[in-house]
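See structure below.
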Amino acid sequence: MSLWKFGNFEAEVDFTDADFLDVLEEAKAEMFEAGKKVPITGKQSDIIRAQCACFYVFFDTLFGDGAGERILCGKNSIKLCTEAAESLLDFETAETKKLDDKYDKYVPNQNTTQQFPHPQSQPNGNRQQRRNYQKQYGKGKYSNTGR
């Protein structure tokens with residue numbers, strides 16, 4: 001869990017928590033639905049207010065009632081709305097990178113070859129696979145050793 005800050009607003013978010021991700025997906029869906037109501041024509045100020053209302057819906061759904069008001073300070077600035085949303089997206093990207101970096105050390109490197117095979121290990125594949133294995137590791141009558 002990490003602390004996301006924007007202006008005077010702070011909230012704990014956890015992009016690894018399924019419950020938080022459920023709420024995030026719901027907030028995105030609510031924002032999408034609110035976006036359908038934004039007028040295409042009319043006064044520019046009305047269009048911007050309707051667009052900002054979508055962000056208020058998103059933040060209220062994600063962080064609880066009144067969060068949009070606290071994050072956006074009651075303003076109807078599309079610039080401020082997009083800055084807040086981008087800040088949350090950048091925070092998610094940074095948290096995901098931290099998590100990926102943390103777990104990369106537990107993933108075996110696929111580009112390395114096994115230098116010393118276990119003495120008891122031998123593939124159970126078909127005849128050609130077994131012969132290739134024997135040639136590579138020098139076991140059996142098909143090995144290249146001693147020739």
Side-chain angles (χ1 to χ4, degrees), residues 1-140:
M1 191 167 318
S2 300
L3 193 64
W4 174 66
K5 298 178 183 180
F6 186 79
N8 294 328
F9 181 82
E10 295 180 352
E12 289 186 352
V13 296
D14 186 356
F15 295 104
T16 64
D17 179 27
D19 295 332
F20 178 78
L21 293 177
D22 282 341
V23 176
L24 180 61
E25 290 169 359
E26 181 184 344
K28 289 177 181 179
E30 292 289 328
M31 183 179 186
F32 180 76
E33 287 301 314
K36 291 179 179 179
K37 299 174 187 169
V38 173
I40 302 171
T41 60
K43 291 175 42 180
Q44 189 70 23
S45 58
D46 291 339
I47 294 171
I48 290 174
R49 275 190 193 87
Q51 290 171 332
C52 290
C54 298
F55 288 93
Y56 278 87
V57 166
F58 173 76
F59 289 120
D60 284 349
T61 305
L62 184 59
F63 297 118
D65 289 338
E69 183 70 29
R70 293 191 318 270
I71 293 169
L72 302 171
C73 304
K75 296 182 180 178
N76 284 310
S77 166
I78 196 66
K79 179 181 177 187
L80 181 63
C81 292
T82 56
E83 285 174 356
E86 286 175 358
S87 172
L88 183 61
L89 179 61
D90 291 345
F91 187 74
E92 179 183 12
T93 302
E95 289 297 303
T96 301
K97 178 161 179 18
K98 280 189 224 174
L99 186 66
D100 287 346
D101 291 346
K102 184 176 189 175
Y103 288 106
D104 276 350
K105 62 184 172 186
Y106 298 108
V107 177
N109 188 349
Q110 300 297 322
N111 295 328
T112 61
T113 58
Q114 186 178 6
Q115 289 180 337
F116 305 105
H118 190 275
Q120 301 299 322
S121 67
Q122 182 165 343
N124 294 327
N126 64 34
R127 183 184 313 169
Q128 186 63 42
Q129 291 167 331
R130 289 191 307 267
R131 284 181 180 167
N132 287 337
Y133 179 86
Q134 290 167 350
K135 284 179 185 178
Q136 182 178 359
Y137 296 110
K139 293 182 179 180

Could you point out which residue of I48, L72, I71 forms a side chain to side chain contact (heavy atoms under 4.5 Å, CB included) with C81? L72

Note: K98-D101 ion pair, threshold 4.0 Å (strictly below): no

Can you check ring-ring contact (aromatic ring centres under 6.0 Å, His included) on F63 and F9, steps first, answer last? CA-CA 11 Å; F63 297 118; F9 181 82; 5.4 Å; yes

The reported gap from CZ in F15 to CG in L99 (rounded to nearest 0.5 angstrom) is 11.5 Å

Take atom CG of N8 as the centre, draw a 6.0 Å sphere, and report whether it contains more than 12 heavy atoms from other residues, nucleotides or ligands. no

What pair of heavy atoms forms the shortest contact from M31 to C54, and how long is it? CG-O, 3.6 Å

Chi angles and distances behind the salt bridge (charged side-chain N to carboxylate O under 4.0 Å, His left out) call for K97, D100: CA-CA 5 Å; K97 178 161 179 18; D100 287 346; over 6 Å; no

Working to the nearest 0.5 Å, report the span between CG of L24 and CG of D19. 12.5 Å

Gap between atom CG of L3 and atom CG of D14 - 0.5 Å precision: 12.5 Å

For E30 and T61, which I'm curious about, is there any donor-acceptor pair between the side chains at under 3.5 Å? no

Quick check: closest heavy atoms across A85 and F59, and the distance to 0.1 Å? N-CZ, 3.9 Å

Could you measure the distance from the CG atom of L80 to the SG atom of C52? Nearest 0.5 Å is fine. 8.0 Å

Between atom CD of E83 and atom CZ of F6, what is the distance when rounded to the nearest 0.5 Å? 5.5 Å

Given side chain to side chain contact (heavy atoms under 4.5 Å, CB included), test D90 with W4 step by step and report yes or no. CA-CA 10 Å; D90 291 345; W4 174 66; over 6 Å; no

Looking only at heavy atoms, the pair that brings P39 and I47 closest together is O-CG1, 3.6 Å

Do you know which two heavy atoms are closest between F91 and S2, and how far apart they sit? CZ-CB, 3.5 Å

Run M1 and F20 through side chain to side chain contact (heavy atoms under 4.5 Å, CB included) and show every step you take. CA-CA 10 Å; M1 191 167 318; F20 178 78; over 6 Å; no

Starting at CG of L21, measure out to CD of E26 and round the result to the nearest 0.5 Å. 13.0 Å

Would you please test E25 and K28 for salt bridge (charged side-chain N to carboxylate O under 4.0 Å, His left out) and show each step? CA-CA 5 Å; E25 290 169 359; K28 289 177 181 179; over 6 Å; no

